[in-house]
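So the structure is just underneath, and the comments pick up after that.
Here, residue 1 is the first one in the sequence, and each next residue gets the next number. Just so you know, these numbers come straight off a predicted model, no measurement behind them.
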Amino acid sequence: MRPLTEYFRRDAGVPWWADCASGLCRVPPARVPSRFACAYRMDVPVAVTETYLRYLMNMFLELGGRFVPRRIEDPSALLDEVEIMVNCCGFGSRQFGDDALSLSRAVVLRATRDDAVQGCFIDDSDPFAPTYIVERDDDIVLGGTAEPDLTSTVIGQRQIDGIVRRCTRLCEGVAALRIIDARVGFRPVRHSPRVVRDERYARLLHNYGHGG
């Protein structure tokens with residue numbers, strides 16, 4: 001668990017998700033930078049993704065699940081083998097006919113741990129430049145970007161500097177961090193999630209499009 005401070009450009013009162021947050025409290029106005037209308041602090045779980053996904057996969061296998069790598073050209077072709085099928089292919093569902101999917105490029109940085117940064121911070125007001133700092137056990141994650149339809153894997157120094165600059169405005173201690181590496185990934189984005197039963201096949205369910 002880590003303390004998280006989230007900053008808001010507009011004060012809309014207590015966030016709608018307040019009941020789901022542990023230890024939620026409003027940050028005193030004197031401690032909120034003037035460019036923000038308000039901020040809230042809460043305790044949140046922070047996962048080391050590689051460790052957590054490995055744990056979930058091991059639990060799945062121990063409970064009798066099977067992992068079968070296979071290239072699928074048409075999901076309905078598997079219905080003869082299973083009782084229920086759930087399509088969670090994300091961007092891969094474009095090849096199944098869903099043209100509403102697109103990619104959004106994300107750049108994140110990893111920095112060394114330092115006592116100058118304690119806890120997590122987020123300013124999610126700009127949909128194209130979400131700013132976040134995530135303290136983990138062995139490193140600190142700095143982000144980020146959300147660049148629609150950009151598929152280049154080249155990360156420019158200007159982007160790295162921009163992320164560090166934005167994060168430093170949220171937490172001055174970021175300036176003391178040493179950047180370990182920069183990584184790029186792609187979020188599958190859809191105007192709304194697709195969580196439905198297939199129009200033609202009652203035993204085929206779709207569950208994707210949550211990114212962004």
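- F121 is not listed as a side-chain neighbour of L4, based on a closest heavy-atom distance of 4.5 Å or more.
- R166 places a side-chain N or O within 3.5 Å of a backbone atom of G144 that can act as its donor or acceptor partner.
- Applying side-chain contact (heavy atoms from CB on, under 4.5 Å) to L101 and the options H191, R194, R94 leaves one that passes, R94.
- For the pair R2 (side chain) and E135 (backbone), a donor-acceptor distance under 3.5 Å is present.
- None of D80, L79, I72 except one satisfies the side-chain contact (heavy atoms from CB on, under 4.5 Å) rule with S76; the exception is L79.
- Surrounding CD of E172 are at most 12 heavy atoms belonging to other residues, nucleotides or ligands under 6.0 Å away.
- Residues I163 and T145 share a closest heavy-atom pair of CD1-CG2, 4.3 Å.
- Panel note: side chain R190, backbone Y208; no donor-acceptor pair is recorded below 3.5 Å.
- Shown here is F60, whose CZ atom has more than 12 heavy atoms of other residues, nucleotides or ligands within 6.0 Å.
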In sequence, state the C-alpha distance, the side-chain angles, and the governing distance for Q159 and E147, and then conclude on side chain to side chain contact (heavy atoms under 4.5 Å, CB included). CA-CA 11 Å; Q159 286 180 310; E147 302 165 294; 2.7 Å; yes
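- In summary, the side chains of N87 and S93 do present a donor paired with an acceptor at a separation below 3.5 Å, with no hydrogens or angles considered.
- A heavy-atom distance below 4.5 Å is found between the side chains of V195 and H210.
- The number of heavy atoms from other shown groups lying within 6.0 Å of CG (N58) is above 12.
- Taking OH of Y132 as the reference point, atom CG of L142 lies at 9.0 Å (rounded to 0.5 Å).
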